[in-house]
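Position 1 is the first residue of the sequence; numbering continues from there.
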Amino acid sequence: MANHEEQFKKLVSHAKEYGFIFPSSEIYDGLAAVYDYAQYGVELKKNIRDYWWKSMVQMHENIVGIDSGIFMHPTIWKASGHVDAFNDPMIDNKDSKKRYRADVLIEDHCAKIEAKIEKEIEKAAKKYGEAFDKEEFVKTNPRVLENARKIQEISHRMNHDLEVNDLADLKRLIEELEIVCPVSGTRNWTEIRQFNLMFSTKVGSVSDEANTIYLRPETAQGIFVNFLNVQKTGRMKIPFGIAQTGKAFRNEIVARQFIFRMREFEQMEMQFFCAPGTEMQWFEYWKKERMRWHLSLGMPESAYRFHDHEKLAHYANAATDIEFDFMFGFKELEGIHSRTDYDLSRHQEFSGKKIQYFDSDRDESYVPYVVETSIGLDRMCLAVLSQAYTEERLEDGSERVVMRIPAKIAPCKVAVLPLVKKDGMPEKAREILRDLQPLFMCQYDEKDAIGRRYRRQDAIGTPFCVTVDTDTMNDDTVTVRERDTMRQERVPVKEIAAYVAEKTR
């Protein structure tokens, strides 16, 4: 665990040093839980967003996109339940004066028990070698079974307390588990209280309650209130989906783990409208489809897992998370929820407008059911960076840090480098650069020795370096160096664009 924490610190430092992510307002000592995407981070973020949009909207003829406002009518948040029920259970440590989410403290405790299980598995795997049967070991080892039982009991009790809002028992659970404050190391806790997570502000010039509006805490409601507009203008036939990406805002009392949990973040959501009774079929479809999307990036399957919700939200009849193995353990990356007809029914009730779909195949009108896929774009960036960050010792004994970002979403696809700043090489390199720039995000670098320039490109994750050398001036070929293997090959100048396009698709 300590090693993972150390790696995570190195990643955060690397992200700043090499222009991926900066602390916000840093010259004014920063603003907690807000970050700015730097020159490479913004490209990575855009590439992930575009890859999601293309797979979700461009590749589905029955899914369209919208971009709704961040400010919306305040009654929308009454209808959605956010005004009354969008709370986090918070607890303070009296000694450190630090505030924590009660459920996160308990989940972190369970993660430590889970780490014990992993340790038992690792020990047994070393002991038995190739004869080791992990599945059988997990089912039969007494220590593993006991720890798994503990996790299940704790989770069940926590979920029940959250469901019925029994904050007193939630505190008792924290005390019984002897959970200490990570800062003070004491168990001197306050009572648990609920805090609403929405940011409110005023609209117009009169400061009264009628003018209170909210920064949206999610993008989904903008889709629901536009259901009729999209369905009618797009002549959409059920089943169909509406996708949206954009900023959302939550007053996270405990924002932590870099860009994993922030007050201002970006979501990529798709609400899929279907006929009542077909929602579970579509829920299973989108579970598979979304996992397929993640793996299509080239990320390892072992870094992902499904986690079915034991405690369902009030609007859901099925829910699962796609969790990713970040450097601080498996955490939620994307949610797939069967939301029933809750959202459209509530907006129908609160707006007084009929929000229904006439199904000519069924010859009936109904409020459609919804299956949602919702992924945090910032979390996806962190997942990619976490997986990409690699410290490597080379055969000659030297070391390099390389960001193995999947080529199709790498911030910069190709760097053009003249071997030396003379003999017409810079001019030739710039000519190649001008040809590639309309097609790819490129870099030009002529400063320092070629080896140091390669290392710099490794550190920002550029998949290909094109080097213009003496031979280029004679035979119009260049050296193309591949980031991960460092393999080099000669490629004719006229074929560079096709070569890079093929390798970064």
Side-chain angles (χ1 to χ4, degrees), residues 1-22 35 37-45 47-48 51 118 122 257-260 294-305 323-331 333 378-415 417 441 443 445 448-467 479-489 500 503-505:
M1 187 65 77
N3 185 40
H4 287 160
E5 283 172 20
E6 201 57 44
Q7 283 293 98
F8 190 52
K9 282 180 189 168
K10 286 182 182 178
L11 172 64
V12 174
S13 173
H14 187 91
K16 183 186 174 190
E17 185 183 350
Y18 284 92
F20 283 93
I21 296 159
F22 299 147
Y35 289 89
Y37 281 78
Q39 61 270 32
Y40 300 120
V42 76
E43 291 297 330
L44 174 64
K45 194 177 188 184
N47 292 346
I48 294 172
Y51 189 66
E118 289 302 319
E122 279 174 30
Q257 289 163 333
F258 195 30
I259 58 171
F260 180 79
H294 285 280
L295 299 180
S296 74
L297 281 167
M299 306 273 272
E301 197 169 347
S302 59
Y304 292 92
R305 72 182 185 190
E323 293 186 334
F324 184 82
D325 190 7
F326 293 95
M327 287 175 174
F328 39 84
F330 274 97
K331 297 283 182 184
L333 177 57
D378 306 276
R379 288 188 182 186
M380 191 64 210
C381 286
L382 184 56
V384 170
L385 292 173
S386 301
Q387 190 61 43
Y389 182 82
T390 311
E391 295 171 346
E392 203 171 71
R393 183 176 288 278
L394 306 176
E395 286 178 12
D396 63 3
S398 64
E399 293 180 356
R400 70 166 181 161
V401 172
V402 55
M403 295 298 282
R404 297 183 186 277
I405 300 170
K408 61 183 77 177
I409 54 170
C412 178
K413 297 288 189 284
V414 58
L417 318 170
M441 188 58 71
Q443 275 215 335
D445 190 2
D448 292 329
I450 193 70
R452 293 187 70 175
R453 282 181 276 166
Y454 283 155
R455 289 288 175 272
R456 201 151 50 225
Q457 295 303 324
D458 290 342
I460 63 171
T462 306
F464 299 102
C465 289
V466 169
T467 303
T479 297
V480 178
R481 173 192 182 265
E482 200 269 332
R483 177 195 67 202
D484 293 346
T485 62
M486 297 186 292
R487 217 173 22 241
Q488 299 186 6
E489 60 179 299
V500 174
K503 304 269 187 178
T504 56
R505 274 198 307 189

Evaluate the side-chain proximity of [Y] to [X]: yes if any heavy-atom separation is below 4.5 Å, no if none is.
{"X": "E43", "Y": "C412", "answer": "no"}
{"X": "K408", "Y": "T504", "answer": "no"}
{"X": "M441", "Y": "Y40", "answer": "no"}
{"X": "F20", "Y": "C381", "answer": "no"}
{"X": "L417", "Y": "R481", "answer": "no"}

Minimum heavy-atom distance [X]-[Y], with the two atoms named:
{"X": "I405", "Y": "I460", "value": "CD1-O, 4.1 Å"}
{"X": "S398", "Y": "D396", "value": "OG-OD1, 2.6 Å"}
{"X": "C465", "Y": "Y454", "value": "CB-CE2, 3.7 Å"}
{"X": "L44", "Y": "V384", "value": "CD1-CG1, 4.1 Å"}
{"X": "K413", "Y": "A407", "value": "CE-O, 3.1 Å"}
{"X": "R455", "Y": "M486", "value": "NH1-SD, 4.3 Å"}

Under 4.0 Å between a side-chain nitrogen and a carboxylate oxygen: does that hold for R400 and D458?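 Salt bridge flag = yes for D458 with R400.
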Is any NZ, NE, NH1 or NH2 atom of the basic residue among R487 and E482 found under 4.0 Å from an Asp or Glu carboxylate oxygen of the other?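 No, no charged N to carboxylate O under 4.0 Å.
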Rounded distance (nearest 0.5 Å) linking atom [atom1] of [X] with atom [atom2] of [Y]:
{"X": "L333", "Y": "H294", "atom1": "CG", "atom2": "NE2", "result": "5.0 Å"}
{"X": "R453", "Y": "T462", "atom1": "CZ", "atom2": "OG1", "result": "13.5 Å"}
{"X": "I259", "Y": "L382", "atom1": "CD1", "atom2": "CG", "result": "4.5 Å"}
{"X": "E489", "Y": "T479", "atom1": "CD", "atom2": "OG1", "result": "10.0 Å"}
{"X": "R452", "Y": "Q457", "atom1": "CZ", "atom2": "CD", "result": "13.5 Å"}
{"X": "T467", "Y": "Q488", "atom1": "OG1", "atom2": "CD", "result": "6.5 Å"}

For the backbone of [Y] and the side chain of [X], can you confirm whether one donor and one acceptor N or O come within less than 3.5 Å of each other?
{"X": "R393", "Y": "E399", "answer": "no"}
{"X": "H14", "Y": "A459", "answer": "yes"}
{"X": "R483", "Y": "G461", "answer": "yes"}
{"X": "S13", "Y": "L11", "answer": "no"}

Hey, do the aromatic rings of Y304 and F324 have their centres closer than 6.0 Å?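 Y304 vs F324: aromatic centres under 6.0 Å.
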Is the distance between the ring centroids of F258 and Y35 under 6.0 Å?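 Ring-ring flag for F258/Y35: true, centres closer than 6.0 Å.
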Taking the six-membered ring of Y37 as reference, does the cationic atom of K45 (NZ for Lys, CZ for Arg) lie under 6.0 Å from its centre and within 45° of its axis?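 Flagged: K45 positioned over aromatic ring of Y37.
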Using the ring of F260 (Phe, Tyr or Trp, six-membered ring only), decide whether R379 places NZ or CZ under 6.0 Å from its centre and within 45 degrees of its axis.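 Yes; both conditions hold, so R379 lies above the ring face of F260.
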Residue list, side chain to side chain donor-acceptor pair (under 3.5 Å) with N47, at least two apart or on another chain: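 Applying side chain to side chain donor-acceptor pair (under 3.5 Å) to N47 gives none.
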Show, in sequence, the C-alpha distance, side-chain angles and deciding distance for S296 and Y51, and conclude whether the side chain to side chain contact (heavy atoms under 4.5 Å, CB included) test is met. CA-CA 10 Å; S296 74; Y51 189 66; 2.8 Å; yes
Please list all pairs passing the ring pair (Phe, Tyr, Trp, His ring centres under 6.0 Å) test where one or both residues lie in residues 394-414, with sequence neighbours left out.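 Qualifying pairs: none.
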